[in-house]
**Student:** 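Here it is, the structure in full.
Values below: all heavy atoms of this structure, side chains included; hydrogens, waters and symmetry mates excluded.
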Amino acid sequence: MDKKNFQRLVRGKLEIDGKLDLHGMTQEQAKIALRSKILQAHSSGKRLILVVTGKGKHRVDEFNRNVIGVLRQNVPQWLRQLPLSAVVLEVTQAQQRHGGDGAFYVYLRRNR
């Protein structure tokens, strides 16, 4: 991804082609929905998908550290695994107006 498009992505200036909201899903349901939405969007020629995970419940562990939501933690990892890694070019946190800490921009490779 070139620098100009990356800066536009990070600033939330690119047009969003689709949205996937994972609120209320279990890990398994979210993983299946993410996989099917990203692969379907790529085959349709879409480039930018907004994936909303939510921030998760605000909790602290036994060492008084903040614990982030399960989906928020796992979605970027799932996007780096096959078969999604073959179609995903870039993943970055969304701008506040698009969900901030609870959402990601997923920029897809061109369909060739």
Side-chain angles (χ1 to χ4, degrees):
M1 177 173 227
D2 62 30
K3 184 177 179 179
K4 183 179 178 183
N5 276 336
F6 180 73
Q7 287 175 344
R8 291 179 64 213
L9 174 66
V10 171
R11 293 180 183 147
K13 301 290 184 187
L14 292 177
E15 182 180 340
I16 295 173
D17 296 323
K19 180 179 176 183
L20 174 62
D21 192 344
L22 302 175
H23 278 107
M25 293 186 188
T26 65
Q27 282 189 67
E28 194 59 36
Q29 291 170 334
K31 191 172 187 178
I32 292 167
L34 180 69
R35 177 185 236 175
S36 68
K37 176 70 174 187
I38 296 297
L39 293 176
Q40 183 271 330
H42 181 259
S43 66
S44 299
K46 295 183 179 178
R47 295 298 305 271
L48 184 61
I49 306 298
L50 178 67
V51 178
V52 180
T53 61
K55 294 182 181 181
K57 294 182 179 172
H58 298 284
R59 298 178 303 168
V60 292
D61 64 6
E62 62 272 6
F63 301 109
N64 215 19
R65 296 178 297 198
N66 288 331
V67 177
I68 64 172
V70 174
L71 294 180
R72 185 173 151 208
Q73 182 178 2
N74 287 329
V75 164
Q77 294 174 6
W78 294 340
L79 292 168
R80 286 191 285 268
Q81 296 172 353
L82 285 172
L84 297 180
S85 64
V87 298
V88 173
L89 185 61
E90 189 70 48
V91 177
T92 188
Q93 184 175 316
Q95 285 291 315
Q96 193 63 39
R97 68 182 177 274
H98 293 135
D101 292 341
F104 295 97
Y105 296 129
V106 180
Y107 194 73
L108 304 178
R109 296 180 189 277
R110 287 189 186 182
N111 198 359
R112 298 195 186 244

**Student:** Please report the shortest heavy-atom distance between His98 and Ala103, naming the atom on each side.
**Tutor:**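 Answer, listing the atom of His98 first, then Ala103: O-CB, 3.6 Å.
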
**Student:** Do Lys31 and Gln81 have side chains that get closer than 4.5 Å, going by heavy atoms?
**Tutor:**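 Sidechains of Gln81 and Lys31: in contact.
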
**Student:** Quick one: closest heavy-atom pair of Asn111 and Gly45, and the distance?
**Tutor:**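 Scanning both residues, the minimum pair turns out to be ND2-N, 4.4 Å.
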
**Student:** Does the side-chain contact (heavy atoms from CB on, under 4.5 Å) test come out yes or no for Gln93 and Asp101, once each step is laid out?
**Tutor:** CA-CA 7 Å; Gln93 184 175 316; Asp101 292 341; 2.6 Å; yes

**Student:** Are there over 12 heavy-atom neighbours, none belonging to Arg97, within less than 6.0 Å of that residue's CZ?
**Tutor:**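 Atom CZ in Arg97 is crowded, with more than 12 foreign heavy atoms closer than 6.0 Å.
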
**Student:** Do Phe104 and Leu20 pass the side-chain contact (heavy atoms from CB on, under 4.5 Å) test, and can you show the C-alpha distance, the side-chain angles, and the key distance before you say yes or no?
**Tutor:** CA-CA 10 Å; Phe104 295 97; Leu20 174 62; over 6 Å; no

**Student:** Would you mind listing the cluster partners of Leu50? Hydrophobic ones only (ILVMFWY), side-chain contacts under 4.5 Å, chaining allowed.
**Tutor:**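 Same cluster as Leu50: Met1, Phe6, Leu9, Val10, Leu14, Ile16, Leu48, Val52, Leu89, Tyr105, Tyr107.
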
**Student:** Mind checking whether Val70 and Val91 sit in one hydrophobic cluster, side chains of I, L, V, M, F, W, Y counted as touching below 4.5 Å?
**Tutor:**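 Val70 and Val91: separate clusters.
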
**Student:** Applying the side chain to side chain donor-acceptor pair (under 3.5 Å) criterion to Ser44, which one of Lys46, Gln40, His42 satisfies it?
**Tutor:**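 The residue from Lys46, Gln40, His42 that satisfies side chain to side chain donor-acceptor pair (under 3.5 Å) with Ser44 turns out to be Gln40.
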
**Student:** Any non-hydrogen side-chain atom of Asp21 less than 4.5 Å from a side-chain atom of Thr53?
**Tutor:**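 No; the side chains remain at least 4.5 Å from each other.
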
**Student:** Side chains of Leu71 and Trp78: does their closest heavy-atom pair fall under 4.5 Å?
**Tutor:**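 In short, these two side chains touch, coming nearer than 4.5 Å.
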
**Student:** Between atom CD of Gln95 and atom CZ of Arg11, what is the distance when rounded to the nearest 0.5 Å?
**Tutor:**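 Here the interatomic distance stands at 9.5 Å.
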
**Student:** For side-chain contact (heavy atoms from CB on, under 4.5 Å), just list the numbers for Val106 and Leu84, CA-CA rounded to whole Å, side-chain angles, deciding distance to a tenth of an Å, and then say yes or no.
**Tutor:** CA-CA 11 Å; Val106 180; Leu84 297 180; over 6 Å; no

**Student:** For the side chain of Arg47 and the backbone of Leu108, is there at least one donor-acceptor N/O pair under 3.5 Å apart?
**Tutor:**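 Yes, because the side chain of Arg47 sits within donor-acceptor range (under 3.5 Å) of the backbone of Leu108.
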
**Student:** Looking only at heavy atoms, which two atoms of Leu82 and Arg35 are closest? And how far apart?
**Tutor:**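 That closest heavy-atom pairing would be O-NH2, 4.3 Å.
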
**Student:** Do Leu39 and Pro83 come within less than 4.5 Å of each other through their side chains, counting heavy atoms only?
**Tutor:**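 SC-SC contact between Leu39 and Pro83 confirmed.
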
**Student:** What is the distance from atom CG of Leu22 to atom CG of Asn74, rounded to the nearest 0.5 Å?
**Tutor:**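 The CG atom of Leu22 sits 11.0 Å away from the CG atom of Asn74.
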
**Student:** Mind checking the CG-CZ spacing from Asp2 to Arg8? Nearest 0.5 Å is all I need.
**Tutor:**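 Spacing of CG (Asp2) from CZ (Arg8) equals 9.5 Å.
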
**Student:** Is there a donor-acceptor pair closer than 3.5 Å between any side-chain N or O of Gln29 and the backbone N or O of Thr26?
**Tutor:**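 Side chain of Gln29 to backbone of Thr26: a pair is present.
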
